[in-house]
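All values derive from a computational prediction rather than experimental measurement.
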Amino acid sequence: MRKWLSPNQLEQFGRRGYFEVVGSDSGKRYRIHAGASVNVCEIDERGRLQEGLCFMPIGALPIGDVMLAQKIALETCEDKARAVARRFTPNGFHFRQTRPLG
């Protein structure tokens, strides 16, 4: 996954345990937190968590591969990813980083 992140995304992920992407269809910003489910949130212009989205590829994949698939989906086919995503209300509990990845 790290090889596919931009320098800014890599820095964000290293320092904060998440990285941000811009949706291909709406231009909305999303934060992808370390994890394989309930780990994607739309964020507003101030970086506040808005709607949570839960979507992932089929199959038992490593967390980094799931996060990469989520990144690619939002950056290339945002509307399709949002169409299959389950919504949730984000809170701090969902995004506590218990251990660094990789």
Side-chain angles (χ1 to χ4, degrees):
M1 173 195 76
R2 292 176 192 269
K3 291 180 182 180
W4 289 84
L5 298 180
S6 71
N8 186 46
Q9 289 170 331
L10 190 57
E11 187 272 332
Q12 276 183 327
F13 187 64
R15 295 184 76 202
R16 298 189 175 125
Y18 65 75
F19 57 89
E20 295 176 2
V21 300
V22 176
S24 61
D25 300 310
S26 69
K28 293 179 181 180
R29 290 178 39 221
Y30 298 91
R31 188 170 288 163
I32 300 176
H33 295 263
S37 65
V38 292
N39 66 315
V40 178
C41 286
E42 182 182 330
I43 57 174
D44 67 13
E45 62 281 345
R46 292 185 176 170
R48 294 178 295 204
L49 301 178
Q50 301 298 303
E51 182 176 48
L53 303 172
C54 182
F55 66 97
M56 64 194 85
I58 295 172
L61 299 173
I63 290 172
D65 291 353
V66 172
M67 294 170 65
L68 177 58
Q70 291 166 330
K71 168 187 165 54
I72 292 170
L74 289 169
E75 290 177 338
T76 61
C77 55
E78 175 191 12
D79 285 345
K80 290 179 182 177
R82 289 185 63 92
V84 300
R86 293 186 183 223
R87 274 45 176 192
F88 67 94
T89 302
N91 62 45
F93 176 77
H94 288 112
F95 309 119
R96 288 191 197 138
Q97 186 175 358
T98 57
R99 63 180 172 81
L101 295 177

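Using a 4.5 Å cut-off on side-chain heavy atoms (C-beta onward), Leu53 and Arg87 make contact. Residues Leu49 and His33 are in side-chain contact: their nearest non-hydrogen atoms beyond the backbone lie under 4.5 Å apart. Residues Lys71 and Leu5 form a side-chain contact, since some pair of their non-hydrogen atoms from C-beta on lies under 4.5 Å apart. Using a 4.5 Å cut-off on side-chain heavy atoms (C-beta onward), Val40 and Leu74 make contact.
Pairing each heavy atom of Pro90 with each of Gly52, the nearest pair is CD-N, 3.7 Å. The shortest heavy-atom contact between Ser24 and Cys77 is OG-N, 3.4 Å. Across all non-hydrogen atoms, the minimal contact from Phe88 to Asn39 is CZ-N, 4.3 Å. Residues Met56 and Val66 share a closest heavy-atom pair of CB-CG1, 4.0 Å. Shown here for Val38 and Cys54, the closest heavy-atom pair between the two residues is N-SG, 3.5 Å.
Just one of Arg82, Arg29, Arg31 meets the salt bridge (charged side-chain N to carboxylate O under 4.0 Å, His left out) condition when paired with Glu51; it is Arg82.
Between Lys28 and Gln50, the side chains place no donor N or O within less than 3.5 Å of an acceptor N or O (distance only, hydrogens not considered). No hydrogens or angles considered: a donor-acceptor pair under 3.5 Å links the side chains of Tyr30 and Glu78.
Although no hydrogens or angles enter the test, the distance criterion places no donor-acceptor pair under 3.5 Å between the side chain of Gln9 and the main chain of Val21.
Transitive grouping of hydrophobic side chains (ILVMFWY, heavy atoms separated by less than 4.5 Å) brings Trp4 and Leu10 into a common cluster.
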